[in-house]
Protein chains: 2
Amino acid sequence: MNFKLTKKRQAILALLKNSGTTLSAQDIFERVDDMDLTTVYRNLDLFVKEKMITKVVLNTDEDLYEYQSEPHHHAVCTDCNKVIHFSACTEDLEKLLRIKDFNIENIEVTVRGTCRHKRV
Amino acid sequence: MNFKLTKKRQAILALLKNSGTTLSAQDIFERVDDMDLTTVYRNLDLFVKEKMITKVVLNTDEDLYEYQSEPHHHAVCTDCNKVIHFSACTEDLEKLLRIKDFNIENIEVTVRGTCRHKRV
DNA sequence: TTGCAAATGCAAATGATTTGCATTTTAACT
DNA sequence: AGTTAAAATGCAAATCATTTGCATTTGCAA
């Protein structure tokens, strides 16, 4: 670990770990005391580089980050924008993909639809 | 169709249709004559709204767009950033997803890895 | 051809993210 | 505990894809 696990960094990691879902830099900035938004961004980048967290690519305006737990996928509710996590067997998944001449390193599944908490 | 299919719009659609892959607004701007970048953006938004094209969510800096052909998925080469299309049986795919209480409307699979055109 | 709505171009605004730099904090070593 | 160099942070400004406001042009129908 070629960096210091400062209080601020611990705070960011704790937030991500405990939230159990994806958070944006702004989300984190609002929930932590005395931390510059720049620091949030810089540390998120660091954590991603160190593979401690993952940058999630959905179609949201802001980049989203999540704590590395187990490999999983995301469902986004088009009504309330809530992000739900789910799993799938990667081996089985890989068998279904009709892809050739490609060395697969990672598979991400993004589902869009509606969760049960419908809005009007 | 509550809009005019102008020459410029036809040009954008033709480009997307013929390219067979994803293009950014900038890509299109560079390949079309006498068209403002703003016009490209506005028409891409229009086409997406009209469901004539799709905005593809990968982790690239620019938004990417593609012509609606058949449902398919994307593989991104982490070496050369090339985007490859492939298909998968949606029904089979859906069976693998361990997701509950969610009304699935769309499944997108994004694969990351390397294609065969390795860079040094 | 006239007129009006839609389409376009241009310039400026927006907003998330990044960068430059001065200041503060950290951790290791006296 | 004091010293010090490197790393971390805060603040302001820059960046850059995308969007917006508005004036001008174009397309289509009466």
Side-chain angles (χ1 to χ4, degrees), chain A residues 1-17 19 21-67 74 76 81 83 110, chain B residues 1-16 19 21-67 74 76 81-83 110:
Chain A
M1 201 161 67
N2 52 348
F3 64 92
K4 297 168 187 170
L5 198 54
T6 61
K7 293 260 169 68
K8 288 177 196 278
R9 285 177 176 165
Q10 289 174 36
I12 294 175
L13 283 174
L15 254 187
L16 283 165
K17 193 167 190 173
S19 84
T21 183
T22 56
L23 295 177
S24 68
Q26 186 65 37
D27 289 336
I28 294 169
F29 173 68
E30 288 169 1
R31 295 176 202 189
V32 174
D33 295 326
D34 290 321
M35 196 181 312
D36 196 86
L37 184 54
T38 307
T39 302
V40 177
Y41 275 111
R42 268 195 283 240
N43 287 329
L44 287 173
D45 282 352
L46 172 70
F47 297 150
V48 169
K49 199 176 299 168
E50 298 287 334
K51 298 197 188 289
M52 299 169 73
I53 65 173
T54 309
K55 185 188 271 200
V56 181
V57 181
L58 302 176
N59 68 342
T60 44
D61 288 339
E62 298 173 305
D63 288 347
L64 295 177
Y65 299 83
E66 71 185 13
Y67 192 84
H74 301 91
V76 186
N81 279 318
V83 177
T110 304
Chain B
M1 204 161 65
N2 52 346
F3 62 93
K4 295 169 188 169
L5 198 53
T6 60
K7 292 259 169 69
K8 290 179 196 274
R9 286 177 175 164
Q10 289 175 35
I12 295 175
L13 283 175
L15 254 187
L16 282 166
S19 85
T21 183
T22 56
L23 294 177
S24 68
Q26 186 65 38
D27 289 336
I28 294 168
F29 173 68
E30 288 168 1
R31 296 177 200 188
V32 173
D33 296 326
D34 290 321
M35 196 181 311
D36 195 87
L37 184 53
T38 308
T39 302
V40 177
Y41 275 111
R42 269 195 281 240
N43 286 329
L44 288 173
D45 282 352
L46 173 70
F47 296 151
V48 169
K49 198 175 301 169
E50 297 288 333
K51 299 197 189 290
M52 300 169 73
I53 66 174
T54 308
K55 184 188 274 201
V56 181
V57 182
L58 303 177
N59 69 342
T60 43
D61 288 339
E62 297 173 305
D63 288 347
L64 295 177
Y65 299 84
E66 70 186 14
Y67 192 84
H74 301 91
V76 186
N81 280 317
K82 191 175 168 186
V83 177
T110 303

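Each chain gets a letter, A, B and so on, in the order its sequence line appears, and its residues count up from 1.
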note = Value for OG1 (A:Thr39) from CG (A:Asp36), rounded to nearest 0.5 Å, stands at 5.0 Å
task = Might you point out which heavy atoms bring A:Thr110 and A:Val57 nearest each other, and give the distance in Å?
result = OG1-O, 4.4 Å
ask   = How far apart are the closest heavy atoms of B:Val32 and B:Ala11, and which atoms are they?
value = CG1-CB, 4.4 Å
ask   = Any chance the side chains of A:Ser24 and A:Asp27 put a donor and an acceptor closer than 3.5 Å?
value = yes
remark   = Sorted by position of nearest nucleotide on DNA chain D, 5' first, the leading residue of B:Thr6 and B:Leu64 is B:Leu64
note = Between A:Lys7 and B:Lys7, the residue closer to the 5' end of DNA chain D by nearest nucleotide is A:Lys7
query = Between A:Gln10 (CD) and D:dA8 (P), how many Å, whole number?
reply = 13 Å
inquiry  = Do B:Met35 and B:Val40 have side chains that approach each other closer than 4.5 Å (heavy atoms only, starting at C-beta)?
reply    = yes
inquiry  = Does any part of the side chain of B:Ile28, heavy atoms only, come nearer than 4.5 Å to the side chain of B:Leu16, both counted from C-beta?
reply    = yes
message = Expected output is a numbered-order residue list: members of residues 37-48 of chain B with a heavy atom under 4.0 Å from any atom of DNA chain D. What is it?
response = B:Thr38, B:Tyr41, B:Arg42, B:Asp45
inquiry  = I'd like to check A:Leu37 versus A:Phe29 (side-chain heavy atoms, cut-off strictly below 4.5 Å). Are they in contact?
reply    = yes
note = First and last nt of DNA chain C near chain B, cut-off under 4.0 Å to heavy atoms, 5' to 3', are C:dA6 to C:dA11
key: Spacing of B:Glu62 atom CD relative to D:dA17 atom P, expressed in whole Å   = 6 Å
ask   = Name the one of A:Thr54, A:Asn43, A:Asp63, A:Ile53 that satisfies side chain to side chain contact (heavy atoms under 4.5 Å, CB included) with A:Val48?
value = A:Ile53
